[in-house]
Enquirer: 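Take a look at this one; I'll ask things after.
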Protein chains: 2
Amino acid sequence: MKMSDRKKKILQIVVDEYIHSAVPVSSKVIAEKHLQGVSSATVRNELASLEELGYLTQFHTSGGRVPSPQAYRFYIEELMQRGNLSESDLDYIESAFSERSGDVEHLIKSVSKVISDLTDYTSVGIGPHADEETIRNLTLLPCGEGRALLVIVTGTRILRDSFIDIPESMADADVENASRVLAKLFEGKALSEARTVGEEALAEFGQYRQVMREVIDALKTYSRPRDEDVVLTGADKIFNHPEYEDIENVKNFLTVISSKDKIAELIGDDNDEIQISVRIGSGEDDVPEDCSVVTATYAAGGKNLGTYGVIGPMRMDYTKVITVLENVGKALEELVGGRIKDKKDNKDHE
Amino acid sequence: MKMSDRKKKILQIVVDEYIHSAVPVSSKVIAEKHLQGVSSATVRNELASLEELGYLTQFHTSGGRVPSPQAYRFYIEELMQRGNLSESDLDYIESAFSERSGDVEHLIKSVSKVISDLTDYTSVGIGPHADEETIRNLTLLPCGEGRALLVIVTGTRILRDSFIDIPESMADADVENASRVLAKLFEGKALSEARTVGEEALAEFGQYRQVMREVIDALKTYSRPRDEDVVLTGADKIFNHPEYEDIENVKNFLTVISSKDKIAELIGDDNDEIQISVRIGSGEDDVPEDCSVVTATYAAGGKNLGTYGVIGPMRMDYTKVITVLENVGKALEELVGGRIKDKKDNKDHE
DNA sequence: TGTTAGCACTCTCAACCTCAAAGTGCTAAC
DNA sequence: GTTAGCACTTTGAGGTTGAGAGTGCTAACA
């Protein structure tokens with residue numbers, strides 16, 4: 001069966017209305033509030049037909065209609081009316097990003113907080129995966145007792161450090177020496193590339209082979225996000241949405257949310273190309289039953305900036321969420337793009 | 001009124017029974033299950049008296065008795081029977097701490113996880129506050145474009161780093177030079193001490209005064225715990241306890257738990273001397289209504305190792321929790337005490 | 001052929017009742 | 001001081017009722 005324009009219109013009304021009222025939608029309110037000139041009986045016929053097509057369901061005979069996951073998908077693809085953010089929302093984004101401090105940790109938290117505050121949903125995010133970042137600076141610092149600290153600073157100022165074991169026989173001077181050699185070898189390379197380069201150069205390292213091995217191992221761990229790069233903001237915001245009066249939903253939600261690993265899995269960068277992804281839970285993937293996860297993968301100047309989004313009830317205000325995600329993306333691009341230029345002004349006010 | 005021995009005994013039975021059953025305790029079960037030789041009517045008289053003294057309450061006339069906060073306090077101070085951990089619990093602690101990797105982040109997470117797993121409550125923790133740590137190694141690394149990275153490694157391998165702004169006129173060699181001067185000045189000092197030393201030396205720094213200023217500012221931020229030093233493990237464990245069938249309790253809980261700042265406030269080091277602290281929520285302090293927070297502050301070799309504990313319902317298994325906290329403390333002390341000795345063995349298996 | 005008024009039907013939800021079960025307080029006897 | 005016994009209170013499950021909401025269907029209408 002082909003979807004008539006009126007069916008689409010009615011479906012759109014049902015989804016919009018349900019998203020904003022959280023109450024099953026009846027033929028009466030559609031006819032009286034949104035579709036003047038048509039009687040409720042006519043709407044009822046259309047509703048019955050939309051139900052047959054799989055877009056609507058009802059909990060019981062006299063309960064009004066509720067959109068199915070399929071309806072939400074259709075809504076997002078075809079029916080949703082893109083809006084603009086209010087002035088105050090735009091101002092909020094701008095002010096939140098204006099106090100720029102170099103490090104990513106801070107940026108990750110800001111992005112997540114902005115998204116959560118503006119959408120009123122719980123925000124999840126995962127920072128830039130460093131794998132393709134260029135090593136700007138690599139240093140090995142002696143820390144006594146057979147240990148050294150490996151510090152790596154990359155292009156967009158992602159900082160990684162970890163301790164590595166070194167032979168106890170190595171004096172501080174040896175370490176400094178090794179540091180210079182490693183720096184020469186690795187600086188300017190991407191982290192992923194560095195691993196290969198390291199493996200190849202392994203043979204030349206003679207007695208310090210062990211050190212090189214450790215450095216390569218450390219480089220490997222950088223391909224996975226650290227716990228600190230996974231953020232969660234506004235977990236308590238779920239209580240602003242009536243579906244979470246039901247303890248079962250809260251349980252589902254909290255179980256996912258309580259482990260950084262699970263969050264990372266949920267929003268993990270399965271696909272770099274996708275700008276905005278909407279996933280509606282129905283038991284298939286990691287998305288909890290009755291939940292939706294909307295994420296955006298950000299990039300600027302060819303650099304991945306991480307994936308951020310919200311997790312909330314299936315009855316989510318997709319329009320608002322997507323608009324916020326888009327605007328945050330734009331702001332982020334400007335911020336990162338304009339950072340070098342702005343650096344001078346940024347010094348005096350501290 | 002003086003508390004007779006029998007009253008104490010009965011109070012202890014009520015608290016124990018309620019902790020384990022979560023059901024209001026009746027005179028009948030006390031007399032039949034725990035206090036043979038006395039009739040339920042006698043117990044009833046005692047219960048009425050204990051209620052008058054403020055130790056017990058009942059939700060309604062025929063509902064059995066429930067301990068009041070005052071009863072829990074009394075129980076913890078006088079009545080609780082200290083127990084030992086089971087073999088398997090002890091093994092678990094040992095195995096969890098046996099794979100030692102130098103960095104504190106890892107340790108913090110392990111401690112918190114062990115506590116949560118063994119107690120079956122949500123565990124909260126805050127890592128060692130670095131303020132009294134000795135600076136073992138301080139380095140300033142040039143990062144181009146008027147920025148440098150300040151890396152500080154302290155005694156128990158707490159690692160802190162942050163970017164600081166430097167005059168753009170400074171060449172890499174200048175930075176390295178400054179790094180040497182700063183290292184000489186600060187190494188061996190405690191972080192708190194370093195701030196004063198820095199302020200005093202400020203005048204001598206001439207054109208690099210600005211750099212020194214930034215370093216001191218960075219040192220200041222180390223006195224507060226970072227978000228990463230505040231841990232939360234097993235938030236979903238609350239659903240194993242019947243009080244969290246009630247959505248209101250979950251709300252209270254999640255609201256506190258959802259912000260690292262609030263957690264830090266909750267368990268913040270108000271008192272270094274206290275080994276184990278039990279706080280029972282009744283709206284006075286940060287502890288949420290109907291919740292208890294039990295924490296232990298750990299130290300070894302004169303070094304603070306952080307504060308860890310659990311947050312859960314007032315009807316908490318205090319005996320188990322306190323036993324676990326004590327045993328974790330012992331294990332931690334051994335671990336940190338024995339670390340230098342063990343370092344050699346620890347290398348081969350990687 | 002599409003639309004609509006009208007009505008019977010279904011389902012929920014709150015209010016109310018009833019009744020058994022649990023536990024207490026009190027009294028009188030030991 | 002202890003206890004048996006009993007009246008009293010309260011809860012909670014189960015059942016009933018009636019109002020309200022919303023639908024599906026039918027028959028009439030444009």
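Letters go in sequence order (proteins before strands), and every chain restarts at 1. All values reported here derive from a predicted model rather than from experimental measurement.
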Enquirer: Any N/O pairs under 3.5 Å between the protein and nucleotides 9-11 of chain D? List them or say none.
Expert:
unit_1, atom_1, unit_2, atom_2, d
dT9(D), O3', Thr61(B), OG1, 3.4
dT10(D), O2, Ser62(B), OG, 3.2

Enquirer: Could you pick out which residue, Val29(A) or Ser39(B), lies toward the 5' side of DNA chain D when each is mapped onto its nearest nucleotide?
Expert: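 That would be Ser39(B).
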Enquirer: Answer yes or no: is there an ion pair linking Lys113(B) with Asp117(B), defined by an N-O contact shorter than 4.0 Å?
Expert: yes
Enquirer: Checking contacts here: which listed nucleotide (dT2(D), dT23(D), dT4(C)) is nearest the side-chain heavy atoms of Thr42(B)?
Expert: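 Shortest atom-to-atom distance from the side chain points to dT2(D).
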Enquirer: Applying the side-chain contact (heavy atoms from CB on, under 4.5 Å) test to Leu325(A), which of Thr297(A), Leu118(A), Thr295(A), Val294(A) qualifies?
Expert: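 That would be Val294(A); it is the only one of Thr297(A), Leu118(A), Thr295(A), Val294(A) passing the side-chain contact (heavy atoms from CB on, under 4.5 Å) with Leu325(A).
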Enquirer: Would you say Asp317(B) and Tyr121(B) are linked by a side-chain donor-acceptor pair, where the criterion is simply a distance under 3.5 Å?
Expert: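 Note: Tyr121(B) and Asp317(B) side chains miss the donor-acceptor criterion.
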Enquirer: What is the separation between atom CD on Glu46(B) and atom C1' on dG25(C), rounded to the nearest whole Å?
Expert: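 Answer to the nearest Å: 15 Å.
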Enquirer: In whole Å, I'd like the distance from the CD atom of Glu52(A) to the C1' atom of dC25(D).
Expert: 15 Å
Enquirer: How far apart are the closest heavy atoms of Met316(B) and Gly312(B), and which atoms are they?
Expert: CE-N, 3.3 Å
Enquirer: Using a heavy-atom cut-off of 4.0 Å across all strands, would you classify Ser40(A) as base, sugar-phosphate, or nothing?
Expert: nothing
Enquirer: Any idea which of dT24(C), dG22(D), dT3(D) is nearest the Ser26(B) side chain?
Expert: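 Nucleotide nearest to Ser26(B)'s side chain: dT24(C).
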Enquirer: May I have the distance from Asn45(A) (atom CG) to dT26(D) (atom C1'), rounded to whole angstrom?
Expert: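 Nearest whole value for this atom pair: 11 Å.
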Enquirer: Taking the side chain of Ala48(A) as heavy atoms from C-beta outward, which of dT23(D), dT2(D), dG24(D) is closest to it?
Expert: dG24(D)
Enquirer: Would you tell me if any nitrogen or oxygen in the side chain of Gln58(A) comes within less than 4.0 Å of OP1 or OP2 on dG24(D)?
Expert: yes
Enquirer: So which nucleotide from dG24(D), dT4(C), dT3(D) ends up closest to the side chain of Glu51(A)?
Expert: dG24(D)
Enquirer: Considering Watson-Crick and G-U wobble pairs with both distances under 3.5 Å, what does dA7(D) pair with?
Expert: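 Paired with dT24(C).
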Enquirer: Quick one: Glu32(B) CD to dT3(D) P, roughly how many Å, whole number?
Expert: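 Checked: the CD to P distance equals 13 Å.
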Enquirer: For the pair made of CG in Leu50(A) and P in dG22(D), what is the distance, rounded to whole Å?
Expert: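 Distance check: Leu50(A) CG to dG22(D) P gives 18 Å.
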Enquirer: Can you check whether any acceptor in the base of dG5(D) is under 3.5 Å from a donor in the side chain of Arg44(B), or vice versa?
Expert: yes
Enquirer: Rounded to whole Å, please give me the gap between CG in Leu47(B) and P in dT2(D).
Expert: 14 Å
Enquirer: Under a 3.5 Å limit for both distances, which nucleotide forms a Watson-Crick or G-U wobble pair with dC30(C), could you say?
Expert: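 Result: dG1(D).
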Enquirer: Nearest whole Å is fine: how far is dA4(D) P from Lys28(B) NZ?
Expert: 14 Å
Enquirer: In whole angstroms, how far is the P atom of dG23(C) from the CD atom of Glu17(B)?
Expert: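 Taking atom P of dG23(C) as the reference, CD of Glu17(B) is at 11 Å.
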Enquirer: Between Arg82(A) and Met80(A), is any pair of side-chain heavy atoms under 4.5 Å apart?
Expert: yes
Enquirer: Going by purine N1 to pyrimidine N3 plus the second Watson-Crick contact, or the G-U wobble pair, all under 3.5 Å, which nucleotide sits opposite dA28(D)?
Expert: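 Answer to the pairing question: dT3(C), which forms a Watson-Crick or G-U pair with dA28(D).
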Enquirer: Strictly below 4.0 Å, N to O, side chains only: are Asp246(A) and Lys251(A) in salt-bridge contact?
Expert: no
Enquirer: Heavy-atom distance under 4.5 Å between the side chains of Met3(B) and Leu50(B), does that happen here?
Expert: yes
Enquirer: Is Arg65(A) close enough to dT23(D) that one of its side-chain N or O atoms is under 4.0 Å from OP1 or OP2 there?
Expert: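 Yes, such a contact exists.
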Enquirer: Between the side chains of Ser123(B) and Thr233(B), does any donor sit under 3.5 Å from an acceptor?
Expert: no
